[in-house]
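On a predicted model such as this, the values are computed, not experimentally measured, just so you know. Proteins come first, then strands; the chains are lettered A, B, ... in the order of their sequence lines, and each starts at number 1.
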2 protein chains.
Amino acid sequence: MALERDKVVAASLILLDEVGLDGLTMRALAKRLAVQAPTLYWHFPSKQALLDQMADAIIAPVPAAIPPGEPPDTVLRSLADAMRRALLSRRDGARVYAGTYVMGENVLAVADIALGALMQKGLDERGAADEMFNIVYYILGHAIEEQGFQERWVSADDGTVAGMRRLLAEPASRRFPSLSRCVDTILASDFDARFRRGVDSWLHGLERKEAAPRVRSARSASVKS
Amino acid sequence: MALERDKVVAASLILLDEVGLDGLTMRALAKRLAVQAPTLYWHFPSKQALLDQMADAIIAPVPAAIPPGEPPDTVLRSLADAMRRALLSRRDGARVYAGTYVMGENVLAVADIALGALMQKGLDERGAADEMFNIVYYILGHAIEEQGFQERWVSADDGTVAGMRRLLAEPASRRFPSLSRCVDTILASDFDARFRRGVDSWLHGLERKEAAPRVRSARSASVKS
DNA sequence: CACATTAATCTAACACCGTTAGAGTGCCGT
DNA sequence: ACGGCACTCTAACGGTGTTAGATTAATGTG
């Protein structure tokens, strides 16, 4: 019963790597499973339901990648790293995940780990929830843009970033001086290094939060006094 | 020549608000313009090209929303705010923007402003490029999830977040203790407040960067000595 | 004015998509 | 032996982005 479902999800992930999200059709998936397309609708009520399962499967390796018993900073760093790697591990993985918004088993597990580490650092419930979403948003946006960048520019017919340089360098030269100064740095962009620095910045910001517990707002304070 | 193109983009943005990205078809757009669908292909080589123009149009208001002559922190804060508002101003706006990766006029202008402010704060080219992308990733991820959350949960048949509470509270209670503690906070989530705090954290992290100029790596230092 | 050219739109159609209806097929418990 | 169930099939519907090629409207040129 649930065995067949898992096999379908596994096959769809392989197909995703081969043809991308736009090429992932029910008919193509059916052919790979030596089956007719409508058969899939006995196992999944819709394509979106299948995509939801795929999204959960994509981040399934994340909870297991977190070393237990480590200090919260280590947990958070490896959590961010594992989630990024999971999203990037499949072609269009970030786009699949972004389109889902479903409360899958693994999604909940990841959230639980992040919230636990954040509260262990001294944040209250709201602070932990905020920061947990913030880092997830960052990871997701980062991965979406990275994969989109690759598909659009690196694996384009051009084959290099030369086309991008042409588009960037010309109009920037006069009207956009700051951009013009940074254009070489941007073209040589290293997503991994940038991500690491981004996570560092985030963790550094957390230090401030845990050190200085939130003050009551002026209104409620005056009411109290 | 370019006049007709702009009219098509404007109409497509109105249609986007009405029917969402999934409902935005070339035939529906053509009907709104009192034209047959293939006519659009005289003005745009593909639907993706139209979406690219739409994405650039969505963030067109951003550069104008930046007060000139302000200190860089103010510039960056209002830039983040304006970009977020722009993405949220159209239905599925964030998803449209995320799928584009095009070097439009306004995209370049926004990048130029951000890079200028960051370098004015003392960051070098690479630091400015990194942080500019980081904040953009964050804004984008935030907006995508917020709009997706609304479409999937708030405007669902259920009409409220009750369905989400049901899905979250039950499985969380035993296996996910931290999540369980935060579930009420999460359900009462205020995206605006969270975004403001996220930008604050980011700006705070920048202070550290500008204060402490990067040290040479150990390897190159030892070579020097 | 007549005419060739160009811009813009049309109709018709292609190949494909997600999805549904409803008819089989094989197995399993009684 | 047989009813029911799990699973798969064929056929088709309405829709999609996109192309080919004919047709109209406008425009500059002799």
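The list of side-chain hydrogen bond (donor to acceptor under 3.5 Å, both in side chains) pairs with a residue in residues 22-31 of chain B, not counting sequence neighbours, reads B/D22-B/R95.
Secondary structure note: stems in DNA chain D built from 3 or more consecutive Watson-Crick or G-U wobble pairs under 3.5 Å occupy C:1-30 with D:1-30.
Between A/E145 and A/R194 there is no salt bridge, since none of the side-chain N atoms of the basic residue sits less than 4.0 Å from a carboxylate O of the acidic one.
Every residue two or more places apart in sequence or in another chain that forms a ring-ring contact (aromatic ring centres under 6.0 Å, His included) with B/F133 is listed here: B/Y137. By the side-chain contact (heavy atoms from CB on, under 4.5 Å) test, B/V136 is found to be paired with B/M83, residues two or more places apart in sequence or in another chain being considered. Scanning for side-chain contact (heavy atoms from CB on, under 4.5 Å) contacts around B/D81 gives B/R85, B/F195, with sequence neighbours left out. Partners of A/A11 under the side-chain contact (heavy atoms from CB on, under 4.5 Å) rule, at least two apart in sequence or in another chain, are A/L29, A/R32, A/L33. Taking the ring-ring contact (aromatic ring centres under 6.0 Å, His included) definition, one finds that A/Y97 meets it with nothing, sequence neighbours left out. Qualifying side-chain contact (heavy atoms from CB on, under 4.5 Å) partners for A/P67, counting only residues two or more places apart in sequence or in other chains: A/E70, A/S78.
In this entry the distance linking NZ of A/K7 with C1' of D/dC7 reads 13 Å, nearest Å. Distance CH2 (A/W42) to C1' (D/dT8): 11 Å, rounded to an integer number of Å.
Contact between the side-chain N/O atoms of A/H43 and the OP1/OP2 oxygens of D/dT8 is found at a separation under 4.0 Å.
Near DNA chain C, meaning a heavy atom under 4.0 Å away, the residues from residues 19-41 of chain B are B/R27, B/V35, B/Q36, B/P38, B/T39.
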